[in-house]
Amino acid sequence: MDNKLSIYNSLSRKKEQFIPLNPPFVGLYVCGPTVYSNAHLGHARAYVTFDLLYRYLMHLGYKVRYVRNITDVGHLENDADEGEDKIEKRARLEQMEPMEVVQKYINTFLKNMEQLNILHPSIEPRASGHIIEQQELIKSILKNGYAYETNGSVYFDVEKYNKKYNYGKLSGRVLEELQVNTRNLEGQDEKRGPFDFALWKKASPGHLMRWPSPWSEGYPGWHLECSAMSTKYLGEVFDIHGGGMDLQFPHHECEIAQSTAAQGKESVKYWMHNNMITINGQKMARSLNNFIMLDQLFSGDHPLLHQAYSPMTVRFFILQAHYRSTIDFSNEALQAAEKGLQKLMKANEALNRLKPSLSSSVDISQLKARCHEAMDDDLNSPILISHLFEGVRIINAAVDGTERVSTSDIETLKRLFRTFVFEVLGLINEEAGSADDKLTGNLMKIIIDLRQDAKNRKEWTISDNIREKLKKAGIILKDLKDGAEWEIE
RNA sequence: GGUCGGUUAACCGAGUGGCUAGGUAGUGGUCUGCAAAACCAUUUACGGCGGUUCGAAUCCGCCACCGACCUCCA
């Protein structure tokens with residue numbers, strides 16, 4: 001198992017060599033969605049990013065336990081302590097049970113993830129299924145003196161925590177400065193400090209989702225679930241915690257505080273954050289009302305979209321940028337990704353009919369080494385893709401006869417594509433299958449042979465007519481040096 | 001206002017103190033009955049002003065602009 005992989009640790013703000021705590025095992029926790037609405041382009045970016053990490057770690061031979069939670073309770077809107085629960089709000093709007101809402105959006109979320117060929121995590125725990133664990137965690141924090149109870153609610157004492165530990169180390173914030181720069185929010189008299197956050201909230205009379213607890217009938221605070229579930233499934237200390245950059249503060253900061261307050265030590269070794277997707281230079285945000293849902297992207301049904309984009313086009317678009325950069329959405333960029341992906345997939349198919357030469361005029365093993373280097377360098381998928389396009393050029397040139405590739409190098413290339421294009425980048429050839437249907441294949445052979453006869457007699461009107469009519473039927477015909485190839489549009 | 005990050009050619013998007021990233025689009029050529037594809041060649045770059053250096057787009061400083069976080073967000 002090689003350990004050349006380096007990843008950017010948000011905690012140290014630099015690239016660090018990845019050294020697992022207990023090789024060959026790796027514990028990976030990623031903040032999953034709050035299931036109160038359909039999944040959007042931003043979700044795709046986050047989960048494609050960590051899917052890439054998951055796939056590459058497995059490729060390196062690690063045994064990864066990947067935990068991605070589903071938030072189905074406790075996530076409030078607006079001010080963290082006064083807002084309405086997102087799930088409950090949606091339940092009221094759609095006149096459903098909260099858990100019906102949860103199920104509905106879990107179903108579409110998982111469907112979208114499958115469309116994007118994102119592998120299922122090892123465990124997808126739900127917050128509502130871990131109320132006991134969350135309560136136990138609160139008890140530990142209370143016992144250690146870093147939380148207090150007011151009116152049946154329990155809050156984390158940030159100021160006290162900050163005296164011994166460092167609240168703000170992940171996001172680079174200093175508590176005193178935060179306090180100076182923050183306006184006093186109203187309606188927070190239950191809390192001792194403005195940055196204290198809820199661990200347990202007493203349910204108001206109309207609140208639907210509620211559980212008994214030593215403090216009140218209520219529900220857990222949002223930040224708690226990740227600490228509780230990561231500890232349960234990955235242990236007190238584990239390797240990697242991931243999520244969107246926007247979660248760094250306050251969510252991940254609070255997670256660090258909770259775990260540290262409960263166990264006296266931090267739980268995460270490497271923090272990784274993916275950057276945002278922007279639309280016309282601005283972050284996609286609910287408040288800006290510029291969301292594009294994945295279903296809309298796949299169907300083209302959105303005012304900003306000129307056309308539909310397939311799941312693999314979206315995946316490839318995301319992978320063509322580095323995960324720590326913002327990517328700006330545009331139709332042009334998506335269309336460029338679509339074309340590029342087609343080129344990659346066609347070259348992969350051409351690989352199968354490549355005629356070997358006695359020797360090679362290209363260095364395939366060097367290409368392979370470069371692919372690994374790119375991924376080892378903080379998952380540099382754009383560089384990896386650029387190397388794969390060098391492979392594309394070699395394949396096409398070999399088909400044309402301007403480069404030579406030996407039998408063993410063809411095998412290496414095939415392995416290279418299988419490994420990096422399909423296993424690591426997780427791409428799928430969406431257009432594959434045209435030749436799978438034997439009957440169609442036979443019919444097409446007859447048509448192509450008849451057309452070839454016409455061509456041999458230089459009856460161009462007939463041959464062009466056949467090509468034209470096939471096109472209308474959705475079949476693209478391309479003449480080769482000997483014969484022709486076809487594909488379904 | 002505080003903190004952090006960015007500004008790369010027509011568009012997207014990497015990277016580096018001196019060596020063509022890549023994709024898409026454009027132009028010219030090869031191939032072809034034509035078309036498509038492919039191949040070869042090729043145009044417009046590193047926000048501005050200084051500084052360090054033999055050499056900077058890459059390091060430093062200042063300025064301009066953009067964005068993120070500081071409230072829910074992937």
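So that the names make sense, note that chain A is the first sequence line, chain B the second, and so on, each numbered from 1.
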Trainee: Can you name the ring-ring contact (aromatic ring centres under 6.0 Å, His included) partners of A:His322, sequence neighbours left out?
Mentor: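 ring-ring contact (aromatic ring centres under 6.0 Å, His included) check on A:His322 returns nothing, list empty.
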Trainee: Polar atom pairs between nucleotides 41-45 of chain B and protein, under 3.5 Å, N or O only, would you list them?
Mentor:
none

Trainee: Would you check if the distance from the ring center of A:His273 to the ring center of A:His252 is below 6.0 Å?
Mentor: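 Yes, close enough.
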Trainee: Does A:Ser360 have any side-chain hydrogen bond (donor to acceptor under 3.5 Å, both in side chains) partners at least two apart in sequence or in another chain, and if so, which?
Mentor: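 By the side-chain hydrogen bond (donor to acceptor under 3.5 Å, both in side chains) rule, A:Ser360 matches A:Ser406, A:Asp409.
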Trainee: What pairs with A:Arg315 under salt bridge (charged side-chain N to carboxylate O under 4.0 Å, His left out), at least two apart in sequence or on another chain?
Mentor: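 By the salt bridge (charged side-chain N to carboxylate O under 4.0 Å, His left out) rule, A:Arg315 matches A:Asp51.
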Trainee: With a sphere of 6.0 Å drawn around NZ of A:Lys111, does it hold more than 12 non-hydrogen atoms of other residues, nucleotides or ligands?
Mentor: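 Yes, enclosed.
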Trainee: Between C1' on B:rU71 and CZ on A:Phe197, what's the gap in Å once rounded to a whole number?
Mentor: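 Rounded to whole Å, this separation is 16 Å.
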Trainee: Go through the structure and list residues passing side chain to side chain contact (heavy atoms under 4.5 Å, CB included) with A:Thr278, not counting sequence neighbours.
Mentor: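 If we apply the side chain to side chain contact (heavy atoms under 4.5 Å, CB included) test to A:Thr278, skipping adjacent residues, the hits are A:Thr326, A:Asp328.
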Trainee: Once side-chain hydrogen bond (donor to acceptor under 3.5 Å, both in side chains) is applied, do any residues pair with A:Ser227, and if so which ones, sequence neighbours excluded?
Mentor: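 Checked A:Ser227 against side-chain hydrogen bond (donor to acceptor under 3.5 Å, both in side chains); matches are A:Gln258.
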Trainee: Can you give the dot-bracket line for RNA chain B, using ( ) for pairs inside the strand, [ ] for pairs that cross earlier ones, | for pairs with another strand and . for unpaired bases, where Watson-Crick and G-U count if both distances are under 3.5 Å?
Mentor: (((((((..(((.....[...))).(((((.......)))))....(((((..]....))))))))))))....
Trainee: Taking distance alone, no hydrogens or angles, what donor-acceptor pairs closer than 3.5 Å link side-chain atoms of residues 239-246 of chain A to residues at least two apart or in another chain?
Mentor:
unit_1   : atom_1 : unit_2   : atom_2 : d
A:Asp239 : OD1    : A:Leu21  : N      : 2.8
A:Asp239 : OD2    : A:Gly27  : N      : 2.9
A:His241 : ND1    : A:Glu255 : OE1    : 3.4

Trainee: The criterion is ring-ring contact (aromatic ring centres under 6.0 Å, His included); which residues satisfy it with A:Tyr270, sequence neighbours excluded?
Mentor: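 Testing A:Tyr270 for ring-ring contact (aromatic ring centres under 6.0 Å, His included), a comparison that skips the adjacent residues, returns A:Phe18.
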Trainee: Does NZ or CZ of A:Arg68 fall inside the cone over A:Tyr29's six-membered ring, less than 6.0 Å from its centre and within 45° of the axis?
Mentor: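 The answer is no, since A:Arg68 fails at least one limit relative to A:Tyr29.
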Trainee: Please produce a list of atom pairs where a protein N or O lies less than 3.5 Å from an N or O of nucleotides 26-30 of chain B.
Mentor:
none

Trainee: Would you mind reading off the distance between A:Ile448 atom CD1 and B:rA36 atom P, rounded to a whole angstrom?
Mentor: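 Taking CD1 of A:Ile448 and P of B:rA36, I get 19 Å after rounding.
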Trainee: A:Arg467 CZ to B:rA37 P: how many Å, rounded?
Mentor: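 Going from A:Arg467 (CZ) to B:rA37 (P), I get 12 Å.
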Trainee: I'd like to check the side chain to side chain contact (heavy atoms under 4.5 Å, CB included) partners of A:Ser365; sequence neighbours left out, ordered by chain and number.
Mentor: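 Testing A:Ser365 for side chain to side chain contact (heavy atoms under 4.5 Å, CB included), a comparison that skips the adjacent residues, returns A:Asp363.
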Trainee: Return the polar atom pairs (N/O with N/O) between nucleotides 15-22 of chain B and the protein under 3.5 Å, or none.
Mentor:
unit_1 : atom_1 : unit_2   : atom_2 : d
B:rG15 : OP1    : A:Asn380 : ND2    : 3.4

